[in-house]
Amino acid sequence: MKDSRLVIFAHGSQDSRWRLPFEELTASLTERHGADKVRLAYMEFVHPTLADVVREAARDGKLHLRVLPLFLAAGAHVADDIPRQIADAQGDFPDVKIELLKPIGEHPRVKELFREIACDYAQD
């Protein structure tokens, strides 16, 4: 979709070492798909927040955001906190459609990769 944008959504940490893998992933996706197609947002502790990214999308005319939580499972953050942040942003910018995707850890390829890595370490 021409006016869509993927939002890589991570928990957030004040420790810049923790943020580095997410920043590298976003840079790689941006290089591959274009600077206008991908943004990184954090749930707490650092910027940009989801609200920041939605505000920017509305300004840029990106009216469809797909939020990909970089969480292993659908715990309280995915079930409660992220939908609440989306609802708040949706209230502020009703023209921007925000689609919440399943957490990346629930994707079948990620599950299979985890199994493969664990098998590698389980080898005697």
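If you read the sequence from its start, that first residue is 1, and numbering goes on from there.
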**Prompt:** Do P103 and L70 come within less than 4.5 Å of each other through their side chains, counting heavy atoms only?
**Reply:** no

**Message:** Which residue is it: Q14, Q85, H11, H77? I am looking for the one with a side chain to side chain donor-acceptor pair (under 3.5 Å) to E44.
**Reply:** H11

**Prompt:** Given side chains that start at C-beta, do those of L101 and L6 come closer than 4.5 Å, heavy atoms only?
**Reply:** yes

**R32, CZ: over 12 other non-hydrogen atoms inside 6.0 angstrom** = no

**Asked** Is it the case that more than 12 heavy atoms not belonging to E112 sit under 6.0 Å from its CD atom?
**Response** yes

**Prompt:** Does the side chain of L20 come within less than 4.5 Å of F22's, by heavy atoms?
**Reply:** no

**D60 vs R39 side-chain heavy atoms within contact, under 4.5 Å** = yes

**Prompt:** Is the side chain of R19 donor-acceptor paired with the backbone N or O of S13 at a distance under 3.5 Å, no angle test?
**Reply:** yes

**Least distance between heavy atoms, V53 atom then A41 atom** = CG2-CB, 3.8 Å

**Request:** Please examine the side chains of L50 and V7, heavy atoms only from C-beta on, and report whether any two atoms are closer than 4.5 Å.
**Result:** yes

**Prompt:** Roughly how far apart are L29 CG and L25 CG, rounded to 0.5 Å?
**Reply:** 4.5 Å

**F45 versus G12, closest heavy-atom pair with distance** = CD1-O, 3.4 Å

**Message:** Using only atom types and a distance under 3.5 Å, with no angle test, would you say the side chain of E99 pairs donor to acceptor with the backbone of H64?
**Reply:** no

**Request:** Treating Ile, Leu, Val, Met, Phe, Trp and Tyr as nodes and any side-chain heavy-atom pair under 4.5 angstrom as an edge, say whether W18 and M43 lie in one connected cluster.
**Result:** no

**Asked** Step by step, would you call E106 with L72 a side chain to side chain contact (heavy atoms under 4.5 Å, CB included)?
**Response** CA-CA 7 Å; E106 293 185 5; L72 294 181; over 6 Å; no

**Message:** With a 4.5 Å cut-off on side-chain heavy-atom distances among I, L, V, M, F, W and Y, is there a chain of contacts connecting V78 to F114?
**Reply:** no

**Message:** Nearest 0.5 Å, please: how far is CZ in F93 from CG in D88?
**Reply:** 12.0 Å

**Asked** Between L100 and P69, which heavy-atom pair has the shortest distance, and what is it?
**Response** CD1-CG, 3.7 Å

**Prompt:** Between V38 and I104, is there a shared hydrophobic cluster once you connect ILVMFWY residues whose side-chain heavy atoms come closer than 4.5 Å?
**Reply:** yes

**Asked** Any side-chain heavy atom of K37 within less than 4.5 Å of one from R5?
**Response** no

**Asked** Under a 4.0 Å N-O cut-off, is there an ion pair linking D36 with K62?
**Response** yes

**Message:** Which heavy atom of F9 sits nearest to which heavy atom of F71, and what is that distance?
**Reply:** O-CE1, 3.8 Å

**V54 side chain near D92 side chain, heavy-atom distance below 4.5 Å** = no

**Request:** Decide whether L68 and Y42 are clustered together by the hydrophobic rule: side chain heavy atoms of Ile, Leu, Val, Met, Phe, Trp, Tyr closer than 4.5 Å, transitively.
**Result:** yes

